[in-house]
Amino acid sequence: MRREEQKMPYTSLQRDILSEAFLDMEKMIFKIVLDHYKRYGGDLDELMSEAQEKFLLAHIDYDGAKGELSTYVYQKVKFGLVDLQRRNYRKLKGCKIKSLDDVKGECQVTSPKKDPDLTILLTQIGEDCANIIYLILFPPCDFHDEMNNYKRANEWRNCITEYLHFHMKWSLERIQMAFTELMEAVRES
């Protein structure tokens, strides 16, 4: 029902109220956009446009009994930018989400002349450890983009754990066992 009201043109009084509300929150909205841009990148104009659209939708949907308008706008804008990032990620050209089995089939890591230690290591470890190595060496596009969000190499284990747990549906116990086995195998070689 509220969405139908959105289609009707605003009166001059409604435009004035909306303009005043936007001017009151303009710095907050710009800070949200700038923080998002610094963290994830993207097109600044597109992010600002999305933020303004989310402000308008928040202003239309706002229910004064549930809290402050600024809090509601903050949440709408912030989550709207995250949704925009997700939509843009899905539109990436040539980026197909692959399973580990697809990646293994495409990759040829068994050349002893190039990397004998890796070949020996892959024969000594279990399948779960091999999956982790393939994930690191030949990351699917979605995992590669998630790793870019982690700035330091010592955070990559957390990224791998999250990816295996949430995307590959591994249990945390299985992940821990695979990492332990992998660390022991690397120490021995």
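When all heavy atoms are compared, the tightest approach of Ala51 to Val33 is CB-CG2, 3.5 Å. Contact between His36 and Val82 at its shortest, heavy atoms only, is CE1-N, 4.1 Å. When every heavy atom of Cys129 is checked against every heavy atom of Ala178, the shortest pair comes out as SG-O, 3.1 Å. Residue Ile132 comes nearest to Leu164 through the heavy atom pair CG1-CD1, 3.9 Å, listed as atom of the first residue, atom of the second, then distance.
Grouping the Ile, Leu, Val, Met, Phe, Trp and Tyr side chains by contacts below 4.5 angstrom, directly or via other members, places Leu81 with Tyr37. Connection of Leu84 to Phe30 is established within a shared hydrophobic cluster, with ILVMFWY side chains joined at heavy-atom distances below 4.5 Å, either directly or through further cluster members. One hydrophobic cluster holds both Met168 and Leu172 under the rule that ILVMFWY side chains link at heavy-atom gaps under 4.5 Å. The cluster map of Ile, Leu, Val, Met, Phe, Trp and Tyr, joined by side-chain heavy atoms under 4.5 Å apart, puts Phe79 and Met48 in different clusters.
The structure places NE2 of His59 at 13.5 Å from NZ of Lys76, a figure rounded to the nearest 0.5 Å. Taken to the nearest 0.5 Å, the CG atom of Asp61 stands 4.5 Å off from the OH atom of Tyr72. Note that CD of Glu50 and CD of Gln85 are 12.0 Å apart. Values are rounded to the nearest 0.5 Å. The structure places CD1 of Ile160 at 12.0 Å from CG of Asn131, a figure rounded to the nearest 0.5 Å. The line from CH2 of Trp170 to CD of Gln176 is 12.5 Å long, rounded to the nearest 0.5 Å. Going from atom CG of Asp24 over to atom CD1 of Ile29 covers 10.0 Å, rounded to the nearest 0.5 Å.
Here Met28 pairs with Met25, Ile32, Val73, Tyr74 under the side-chain contact (heavy atoms from CB on, under 4.5 Å) rule; sequence neighbours left out.
Here the side chains of Leu57 and Lys54 are in contact, with some heavy-atom distance below 4.5 Å. Residues Leu34 and Leu47 form no side-chain contact, since every pair of their non-hydrogen atoms from C-beta on lies 4.5 Å or further apart. Counting heavy atoms from C-beta outward, Glu181 and Asp128 have side chains that stay 4.5 Å or more apart.
Relative ring orientation between Phe22 and Phe55 is described as perpendicular, the plane-to-plane angle rising above 60° on a 0-90° scale split at 30° and 60°.
For the salt bridge (Lys or Arg N to Asp or Glu O under 4.0 Å) with Asp35, the lone residue among Lys38, Arg39, Lys31 that qualifies is Lys31.
Under a 3.5 Å cut-off, the side chain of Ser49 and the backbone N or O of Asp45 do not form any donor-acceptor pair.
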